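Owing to the predicted nature of the structure, the values given are computational and were not obtained by experimental measurement.
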Amino acid sequence: MNKLNYILLILILNMVSGCSKADGFDIKHSKDINIFSKHAFISNYVQVNQRVLDFIELGLLDLNSNSEIFTNTWVHSFHYKKRWPNVLDVEIEEHQPFARLSNSNYLTHSGHIIFPEKTDTTINVLYIDAPDDETLELLYLSRDLQSLFNKLKRKLKKIESQNNGLIEVTDDEGATFVFSKKNFRVQLERLEDFISFELSSGKLNHIRSIDFRYNNAIAVNFS
């Protein structure tokens with residue numbers, strides 16, 4: 001074997017050895033794991049990185065067959081590629097929150113309820129405070145309300161079911177709106193009429209509270 005062939009053989013053996021170690025997840029440090037996403041992270045980067053490292057240290061041969069790696073996190077799917085000599089690229093896709101529920105649960109845009117780890121990211125979504133059997137109903141009501149609040153250029157911040165048969169809504173300007181569950185649809189029509197009537201008056205920008213519990217009337221408090 002001439003010298004050139006010998007050098008080529010050594011190089012090939014080294015490459016095969018390097019790939020073999022990568023296939024066996026011969027990764028010892030979190031710095032060798034590159035976590036990335038097409039969107040801004042909701043998850044804590046350090047936590048995600050550590051989870052991958054923990055599973056590698058358990059000797060798992062295939063991350064993709066172990067979906068429990070990201071249980072109770074914002075991550076819902078991922079795929080990875082190994083780069084020679086010893087780097088692991090992990091692209092993650094995260095749940096996108098639609099609403100926050102009680103007990104730190106989140107409802108996602110895909111309709112899943114998740115129980116993610118805490119994150120340092122500020123998540124500005126609607127908060128639904130209601131018993132489990134009322135959560136879906138309040139979600140639908142919030143959509144109808146938001147369509148009216150769009151005319152006010154306001155956003156629903158919280159919708160809460162109260163024990164006395166009332167629904168209290170708070171918007172991003174700090175104003176409150178009180179409805180009774182029994183006649184909510186009728187009261188929603190009153191709100192729509194009120195907004196249409198006052199749309200050009202400028203008063204809508206100064207609403208602090210509206211109470212719809214009265215028969216055929218509303219009580220409005222302006223700032």
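- Within a 6.0 Å radius of NE2 in H39, no more than 12 heavy atoms belonging to other residues, nucleotides or ligands are found.
- Remark: K81 NZ to H79 NE2 distance equals 5.5 Å, nearest 0.5 Å.
- The aromatic rings of F212 and F179 lie parallel to each other, with less than 30° between the two planes, well short of the 60° mark.
- Relative to the ring axis of Y127, R100 places its NZ or CZ within 45° and under 6.0 Å from the centre.
- Linking Ile, Leu, Val, Met, Phe, Trp and Tyr residues whenever their side-chain heavy atoms come within less than 4.5 Å places Y140 and L107 in a single cluster.
- In this structure, F41 and T119 have side chains that are not in contact, with every pair of non-hydrogen atoms separated by 4.5 Å or more.
- Heavy atoms from other residues, nucleotides or ligands lying under 6.0 Å from CG of D172 number more than 12.
- Side-chain contact check for T73 versus P116: every heavy-atom pair is 4.5 Å or farther apart.
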Run the numbers on D193 and S196 for side chain to side chain contact (heavy atoms under 4.5 Å, CB included), then give the verdict. CA-CA 5 Å; D193 291 340; S196 298; 5.6 Å; no
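- Residue L145 holds its CG atom at 10.5 Å from CD of Q187, rounded to the nearest 0.5 Å.
- Taking both residues in full, the closest heavy atoms of T108 and S110 are given as OG1-OG, 2.9 Å, listed atom of the first, atom of the second, then distance.
- Heavy-atom minimum distance, L204 versus L199: CD1-CA, 3.6 Å.
- Among all heavy-atom pairs drawn from L138 and D129, the shortest one is CD2-O, 4.4 Å.
- We find the CD1-CZ distance between I92 and R51 to be 11.5 Å, quoted to the nearest 0.5 Å.
- Panel note: side chain N49, backbone I33; a donor-acceptor pair is recorded below 3.5 Å.
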Please step through side chain to side chain contact (heavy atoms under 4.5 Å, CB included) for the pair L191 and F149, ending with a clear verdict. CA-CA 10 Å; L191 175 59; F149 275 48; 4.1 Å; yes
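- A single hydrophobic cluster is seen to contain both L141 and L188, as judged by linkage of ILVMFWY side chains at heavy-atom distances under 4.5 Å, directly or through other members.
- Following chains of ILVMFWY side-chain contacts shorter than 4.5 Å, one cannot reach I114 starting from F98, and the two form parts of different hydrophobic clusters.
- The neighbour count for N164 CG, taken as heavy atoms of other residues, nucleotides or ligands under 6.0 Å away, is above 12.
- Defined by atom type and a distance below 3.5 Å, a donor-acceptor pair is missing between the side-chain atoms of T176 and E168.
- Of the possible donor and acceptor atoms, none in the side chain of E198 sits under 3.5 Å from a partner among the backbone N and O of F194.
- Minimum interatomic distance between I123 and P97 (heavy atoms only, all atoms of both residues): CG2-CG, 3.7 Å.
- Nearest heavy atom pair, residue I128 against residue A99, reads CD1-CB, 4.0 Å.
- L126 and I42 fall into different hydrophobic clusters, where Ile, Leu, Val, Met, Phe, Trp and Tyr side chains are chained together by heavy-atom contacts under 4.5 Å.
- The CD1 atom of I35 lies 12.0 Å from the CD atom of Q47; values are rounded to the nearest 0.5 Å.
- Within the 4.5 Å cutoff, the side chain of K38 has no heavy atoms near those of the E93 side chain.
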Steps toward side chain to side chain contact (heavy atoms under 4.5 Å, CB included) verdict (D89, Y80): CA-CA 5 Å; D89 291 330; Y80 68 90; over 6 Å; no
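- Rounded to the nearest 0.5 angstrom, H95 NE2 and H112 NE2 are separated by 6.5 Å.
- Side chains of K181 and S161: a donor-acceptor N/O pair is present below 3.5 angstrom, by distance only.
- Under the rule for a side chain to side chain contact (heavy atoms under 4.5 Å, CB included), K157 has no partner lying at least two apart in sequence or in another chain.
- A distance of 10.5 Å separates CD in Q146 from CD1 in I159, rounded to the nearest 0.5 Å.
- When atom types are taken as modelled, the side chain of E94 and the backbone of S77 share no donor-acceptor pair closer than 3.5 angstrom.
- The backbone N or O of V186 lies less than 3.5 Å from no partner atom in the side chain of N183, so there is not a single donor-acceptor pair.
- Across every non-hydrogen atom of D171 and E173, the tightest pair is OD1-N, 2.9 Å.
- Between F70 and F78, the ring planes lie perpendicular to each other; the angle is over 60°, past the 30° to 60° tilted range.
- In terms of hydrophobic clustering, with Ile, Leu, Val, Met, Phe, Trp and Tyr side chains grouped at heavy-atom distances under 4.5 Å, I195 and Y214 are assigned to different clusters.
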